[in-house]
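The chains referred to below are lettered A, B, ... by the order of the sequence lines, with proteins before strands, and numbering in each begins at 1.
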Number of protein chains: 2
Amino acid sequence: MIEYSRQPHYLVAVDCIVFGFDGEHLKILLVKRGLEPEINKWSLMGGFVGPDESPDDAANRVLKKMTGLEGVYLEQMQIYGEPARDPIERTLSVGYFALIDIHKYEAQLNDDYEAEWFLINERPKLIFDHNQMVADARKKLRYKAALHPILFEMLPKKFTIPQLHILFEEVNDTKIDTRNFSRKITSTGLLIKLAEKDKTGSKKGAFYFKLDKKKYAANAQAFLNLVPNLKV
Amino acid sequence: MIEYSRQPHYLVAVDCIVFGFDGEHLKILLVKRGLEPEINKWSLMGGFVGPDESPDDAANRVLKKMTGLEGVYLEQMQIYGEPARDPIERTLSVGYFALIDIHKYEAQLNDDYEAEWFLINERPKLIFDHNQMVADARKKLRYKAALHPILFEMLPKKFTIPQLHILFEEVNDTKIDTRNFSRKITSTGLLIKLAEKDKTGSKKGAFYFKLDKKKYAANAQAFLNLVPNLKV
DNA sequence: AATATTAATTGTCTTTTTGACAATTAATAT
DNA sequence: ATATTAATTGTCAAAAAGACAATTAATATT
């Protein structure tokens, strides 16, 4: 029988950087690691790739298990494969970033795992190379979000322009002019204005919008340029 | 001693889509596979990730071994990890695309491997999921090249605007207006005009240019928009 | 009831970039 | 001297971007 004789075999894992938005700040979801080494230290959500699943499958499984959510926006970043990145045994990890509606998560909290949202800039030190993964994920999120309409994935079905505005500023860590932002975002044709207003933030209230799902599906790959003076 | 008990282990490989440009057409470099199964079928350049190297290291090693070239432009695409993608044994493969100066390669041909350049649109069927990898690589190359000045990696040190023009048209499979292209490409400030001319293509001759390496290093991450009406 | 307050919403102008168009130039060949 | 061929360069209108602040719609206050 044919075989690949004496080639080394490795563990393969996935790690997910889960982003959320609480209306004011960008956050990431971390868990306390449940196995040695570094047990009880904060880490990304991850797990080993099982024998009958692809890495993408594994990432979805891990997210489902730890957040209860399915069909989450998930994007493969890169593989982390330095020989010594895991001190116990050689493990290669496929890094993903996920965008979830933070409110959906809170409704489905899974008590089996000690998970907690952290402000992106006030997160604890993480194990292994997970700090690097987070840095890479932020960069990739910024890059992608400047060109593709993906940040909607972090907002509820009904959202306001000011909410979207703050989210873009958070992700890009920059100020964006209200008028120019509003013009750009509406000119995409992706937004449908609703009659209802969100009165929680101001006396006047801000109109809710929803995504035009058809156009969103068609334009998910389309180029936009939503962030001025973008530095990548 | 701590260990990750009874987790499955897999082979991890790398596969490289090597792009080159012969002055007229985009090409890819393929090799005849040297091991079973599918021995003597055309495939991408690849190999297993060794115990003391990262996937990036492995990709560079494979390229060095098969082309003689070092310091090649190499970009990680994604991992291919469907459980049954390799019929013999579960193998995950990290896909890379490489951009090389086809002339440098020809000077250093390695006879240990049966390698051959194929027109991108006239390539043979490849083994496993390598056909999909090539399709993904083309897409990613197009995407990246529309935003970043990477196509220079496929040209000699001295090149002409018409050469660059054809290369952009090839990669994007579209016609680009000469005047607009020239304006855009020169406005990047990345090109330095040389006194010498390339007389091989016309009576008038086309001026050679070279890259401004300092600006290139600084702008490798900078956004351009070199292809009009880009569809990704 | 009139006024103050607060955040949401909208508008204009200038500059820059894009895209669509063809004439001119520099060499060699006839 | 002229023809030929590909390289090079120019103009204009439309669209997009960027800089800038006034107006509006609600509630809160006097």
Output the rounded distance in Å from [atom1] ([X]) to [atom2] ([N]).
X: A:D177; N: C:dG11; atom1: CG; atom2: C1'; answer: 12 Å
X: A:I185; N: D:dA17; atom1: CD1; atom2: P; answer: 12 Å
X: B:K175; N: C:dA20; atom1: NZ; atom2: C1'; answer: 17 Å
X: A:K184; N: D:dA17; atom1: NZ; atom2: C1'; answer: 6 Å
X: A:Y208; N: C:dA8; atom1: OH; atom2: P; answer: 12 Å
X: B:H165; N: D:dT9; atom1: NE2; atom2: C1'; answer: 14 Å
X: B:F181; N: D:dA7; atom1: CZ; atom2: P; answer: 13 Å
X: A:L164; N: C:dT9; atom1: CG; atom2: P; answer: 12 Å

Mind checking what makes ring-ring contact (aromatic ring centres under 6.0 Å, His included) contact with [X], not counting sequence neighbours?
X: A:H165; value: A:F181
X: A:F159; value: A:F152
X: B:Y73; value: none

Listed once per pair and sorted, the salt bridge (Lys or Arg N to Asp or Glu O under 4.0 Å) pairs that draw on residues 120-129 of chain B, sequence neighbours left out |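 Every pair satisfying salt bridge (Lys or Arg N to Asp or Glu O under 4.0 Å) with a residue in residues 120-129 of chain B: B:R85-B:D129.
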Under the side chain to side chain contact (heavy atoms under 4.5 Å, CB included) rule, collect the residues that match up with [X], sequence neighbours excluded.
X: B:D136; result: B:M77, B:Q78, B:Y80, B:Q132
X: B:K197; result: B:K199, B:K204, B:F207
X: A:N180; result: A:D177, A:R183
X: B:Y208; result: B:K158, B:T160, B:L194, B:E196, B:D198

Would you find more than 12 non-hydrogen atoms of other residues, nucleotides or ligands less than 6.0 Å from A:K144 atom NZ?
->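 Correct, the count exceeds 12.
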Pull out every protein N or O sitting under 3.5 Å from an N or O of nucleotides 21-24 of chain D, one pair per line with the distance.
residue : atom : partner : partner atom : Å
D:dA21  : N7   : A:R179  : NH1          : 3.2
D:dT24  : O2   : A:K204  : NZ           : 2.8

Between CZ on residue B:F19 and CD1 on residue B:I102, distance to nearest 0.5 Å =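 If I round to the nearest 0.5 Å, the distance is 12.5 Å.
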When you compare the protein's N or O atoms with those of nucleotides 28-30 of chain D, which come within less than 3.5 Å of each other, and at what distance?
none

So what's the dot-bracket for DNA chain C: Watson-Crick or G-U pairs under 3.5 Å, [ ] if a pair crosses, | if it pairs off-strand?
-> ||||||||||||||||||||||||||||||
Check DNA chain C against residues 191-202 of chain A and give the residues with a non-hydrogen atom under 4.0 Å, in numerical order.
->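 Within residues 191-202 of chain A, the residues near DNA chain C are A:K193, A:G201, A:S202.
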Can you list the steps and then say if B:Q76 with B:D56 is a side-chain contact (heavy atoms from CB on, under 4.5 Å)?
-> CA-CA 8 Å; B:Q76 210 185 96; B:D56 285 7; 3.3 Å; yes
Report yes if the side chains of [X] and [Y] come closer than 4.5 Å at any heavy-atom pair, otherwise no.
X: B:R33; Y: B:N40; result: no
X: A:I28; Y: A:V18; result: no
X: A:L141; Y: A:Y143; result: no

Could you work out which one of D:dA17, C:dA8, D:dT8 sits closest to the side chain of A:R183?
->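 Among the listed nucleotides, the one closest to the side chain of A:R183 is D:dA17.
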